[in-house]
Structures are given as structure tokens and as C-alpha cells.
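Taking it in order: structure first as C-alpha cells, then the write-up.
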Amino acid sequence: MDGLRVAAFVGSPRRATVVTDEDLMLACRGGSAEAFEAIFERYRAPLWGYFRRRLVDSARAEDLTQETFAAIWRGSSGYEPRALFRTYLYTIAFNLLSAERRRLRTRATDPLTDLAGPASSAEAEHVLWLRQALSRLEESDREIVMLREFEQLSYTEIAALLDIPLNTVRSRLFRARAALRELLLAGPSGDRS
Amino acid sequence: MTTPHPEREALMAWLDGEGAEAERDVVAQHVGACAACADVVQEMHRASAALGDWPVDAPPATLAERMRQVTHGAPKPAPVPRWRSARWRWGALAALVLIGILVPLRMQCVEASSVCHINGLRHLFGPAPGSERAGATTPASSRSSGQDVRDRVPSRGESTPVAGPRAVTAVVVTVFVDWQCPSCKALHAAYGPLFEQYAHDEPGRVQVIYKDFPLNSACNPNLSVGGHEAACEAAVAVRLAREKGREREMVDWLFANQEGLTPEAVKAAVTSVAGVTDFEERYADELEHVRADVAEGTELHVHFTPACYLNGVLTNDQNGRWLPADQLRQLIDAELMKTGAAVRR
């Protein structure tokens, strides 16, 4: 008979030995392509997700992912571990995304449609619903909540990335989440009243 | 009530693991004693979990090739100033040691305390072909546990209360595991003492259910090729060892010998460690039970191990990292509080 597998495990926590991003970047600084490939493996999916969730055009998302890593590689000779590598990485990504949005604006494309635009046919209905809910937030609030929820950046990292005070991050994040919660509770139509 | 309700921003910061330790301790103590604030925290957690249900497709395969062209085609970075060279040597050495460890692994184990997922996972970020949303009402057997996890585990994003046998069991923790996954081993080490403590302090109130999700294509159709070589055999071995009352010993052996584990080694160990003598004869039947667990995981969009659900809500973050044990304990305590249990920790 198959019963519940109630855990009765014993054991002491073990700490894995992990070479940090900063260690790898110091190796990159000397020109180690292998260390860079390790960085690429660590951040390929997260960085792709960063651009993919913010841009409708998957080809541009791939381009910008590549451009970010290329900038890391090119700039590695001058790398100094003053801050977390992750903050450095997303700062580059954020700047490239901002440039892309400026470019889209000149083409009279509202950057908000990045999120509110049509989903791919393979995208589930609830994902479309999430995109629409996020698109209703103020742009600055939306960026903060996305950096926190998807990129898992700390408040301090978000403050450094967006160059705003820590308390502003906290208050805007709270406001954005409250608004988002209301939108999500309202259901896919977004009409609650 | 011994302390005033914290501001909601403070509750949010605490849930995010932010703030000074002293402030966090105050909030933690309050949430542990205040059902209303525990509810607020749970609601915040559910909203975040809803956002986590926005997966993206896997990075394009062409990206890696394009990066190779960058690193091999572009000029190398400028020479490093002499004063940096010693540090560089140490950094390079550390990196090479890491690469020597990482490269042979087929799995993308980001770090031991993080998550394992498969390079070739076919529907890595999407519903299984033909499946409905998680929480579908289609009945399906859950022979490994005797409970259908889909009855309790809604899709992330659903805000409906999670049904559960609360009269007796207040909290159900469901973990999808691969016994050959280093991250599962790390979770076992971190959560094991916590679960034991609940078993002692709150007998029957917190149930932990392990579901099989071996990352091997032989028993998990989510993978197109390969995977952890002995993951399917390990899953069957633990099931058969359980029948002999030797589950703990079998799991301990698997985790102790996880690196380089082979099917042959598992077959030998299940006899020597658990006294199972009919592994080969029963393997095919037991593997169907493993596949039933995998099917449940597939419907829930599980795409990494370990995947840990607390009363129906996925507790891993968007990158698949599982919660530190102290944060899981706080969430469990909050659930216990809602059912009137006295939290004594």
C-alpha cells in the first residue's frame, strides 16, 4: 500500500562551494572565455526572460540579450567588483532596453504596448491576463514590480539600478503590488466595478 | 496580541526578506501570533505567486552560437595591468575549478541550494500538450501518495482558498523530487530537521508528501533525451524500500552516493540497504506509479526539482529557488495559526 511519505529525515545543512559571479568576472578580466561562458550559462535564461517579458518582438529580445552579454565581455577588461555583478548586468540590460524603447517611440509605437500587445498563439490566456494587468500600472511602478518579481532583485539593487532612494523603491513597490492585486482579483476582463 | 500591527509595507518587506534583522524579528513574531496579519502576508504571497505564472519560452538555441562568435571573433579585452595580475590568476584558477566541476554535468544545476532543470525539457515553460490548466477536475490516480495533489494545488494565480483536510491536517507540503538531483539533496538537508520538529511538536498537523519527478527521459516524457542516469531506478528503489520500512536508509544512501550514480549501483544498493530482492520483477509496475506522479507534476507545470508546494501554493521563486528553511517555517506557522493551532516555536 502506498501511504503518505511523511518526512522523517535527518541531516545537517551542507553549504555548497560556489564560485561567485564576481570571481568569474575577475577571470574574464584577464580574457578567460571559459569564465565568461560560465557567466553566460548562469544568466542566459534570466536575461532572456528580462527582455522577453518586456518586448513583443522575440528577435529583438534575442538581439538585446546578445548585446548585453557582448557589452559585458567587451567591458570585462575594466571590470571592478564595486557592486554585485548582477546589478551591473541588469544596469546594462536596462540601458539597452531604454534605448530600444526610445527607438520604438520614434516609430510612433507606444512602449506600453510591449506588455499590452498581442500574445503569441502559444501563450496561455492567464499570461495575457497578467500582461494586461501589468500594462495598467504606471511605467515606473511597473518596472519596479517586474524587477522584484521576475528578476528577484533586492530593494537595494533596484534602487541602484533605477537611481532612486531605497524608501521610494519600497513605497512604489507596495503601491504597485496593491494595484496589481486589485487588477488580478478583478479577473481577466479587468473590470471590477 | 503583544505588539501593534506592523504597517503593510513592513509586512511586504518582511515577506521579501528585506529590512534590518531586528525589524524582521519583530514582524516575524507578530505574524506568528496574529492571524489577521498572517492572512495579509498569505494574500501578498499569492499575488506574487500569480505573477510567477508568467513563464517565457526557453532562450533560443541560436543565442549560444551567437555568443561564441562574440567571444571568439571579437578582440580579446585589453591586457590587464600588472598590478591586477595576481588577483586575476586566483580568479581564473577559481573559475577553472568551477568549470571543471560544472561542465561534466548534463543538468543545469545553478547551485546546490537552487534548482535542477533539464536542458532538453520539451515544454519547459508551458502546459503539457493536451493538458488543461493545473487544478483540472479530471480525476487521476495518485498511487504514490494516495492523494491527488491536483485537488489541492491550484494553478498559481488562482486566488480561491485551497481546500484541504484541515480538521486533522492543517498544512500539506508537497515536494516534487528527483533523488539524483543535488538541489533535492540540499533541500532534504535544510528542510529535514524542520519537518522533524513539526512531527514532534504538531503531530499530524503538518504532512509532507514527496512526489516523484525524475529528470530522466525513460520515465519523464517532459525530457527529450537523457537526464540523470539513475533517476528512474532511484525513484522505484525508494518506493520499494518504503514497503520494507527502510525509506530513510535508502534515501540517505542515494544522497550519499549521488555523484556518478548508476542504475546498477542502485539495484545493488536496494538489496543491500533495504533488503529488496525483487527489484527487477517489480520495476515496470512501480515505474508506472512514478509516471503517475510525473503526470501530476506535468499538469502543474513543474519544470524543475525540487518544486515545493505549501497548501497548494508554489513556494519556489520565479527562478525556481526554494525558500530558506526559516522562511518556510514562518509560512507554515502562519497556516497553522489560521487553523487555531498554537505555534510554540
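Below, chains carry the letters A, B, ... as their sequence lines are ordered, and counting in each starts from 1.
Nearest heavy-atom pair across A:Phe174 and B:Met12 is CA-SD, 3.6 Å. The heavy-atom pair separating B:Pro59 from A:Ala45 by the smallest distance is CG-CA, 3.7 Å.
Applying the side-chain contact (heavy atoms from CB on, under 4.5 Å) test to A:Ser58 and every residue at least two apart in sequence or in another chain returns A:Trp48, A:Arg52. Evaluation of the side-chain contact (heavy atoms from CB on, under 4.5 Å) rule for B:Asp326 yields B:Pro324, B:Arg329 as partners, not counting sequence neighbours. Not counting sequence neighbours, the partners of A:Asn95 by the side-chain contact (heavy atoms from CB on, under 4.5 Å) test are A:Thr91.
The candidate with the highest count of non-hydrogen atom pairs below 4.5 Å against chain B, out of A:Gln66, A:Arg181, A:Arg175, is A:Gln66.
Both the backbone and the side chain of A:Phe69 come within less than 4.5 Å of a heavy atom of chain B. In this structure, chain B has no heavy atom under 4.5 Å from any part of A:Glu22. In this structure, no portion of B:Ala256 lies under 4.5 Å from any heavy atom of chain A. Both the backbone and the side chain of B:Ala64 have a heavy atom closer than 4.5 Å to some heavy atom of chain A. Residue B:Glu9 touches chain A through both its backbone and its side chain, counting heavy-atom pairs closer than 4.5 Å. Interface remark: A:Leu173 contributes backbone and side-chain atoms alike to the contact with chain B (heavy atom separation under 4.5 Å).
Counting non-hydrogen atoms of neighbouring residues, nucleotides and ligands closer than 6.0 angstrom, the CD atom of B:Glu7 reaches no more than 12 such neighbours.
Looking only at distances, a side-chain donor or acceptor of A:Arg148 sits under 3.5 Å from a matching main-chain atom of B:Asp16. The closest donor-acceptor contact from the side chain of A:Glu62 to the backbone of B:Pro60 lies at 3.5 Å or more, if one exists at all.
Rounding to the nearest 0.5 angstrom, the gap separating the CZ atom in A:Arg44 from the CG atom in B:Leu63 is 7.0 Å. The CZ atom of B:Arg68 sits 8.0 Å away from the CZ atom of A:Phe40 when rounded to the nearest 0.5 Å.
Interface residues of residues 156-171 of chain A toward chain B, defined by a heavy-atom distance below 4.5 Å and sorted by number: A:Arg170, A:Ser171.
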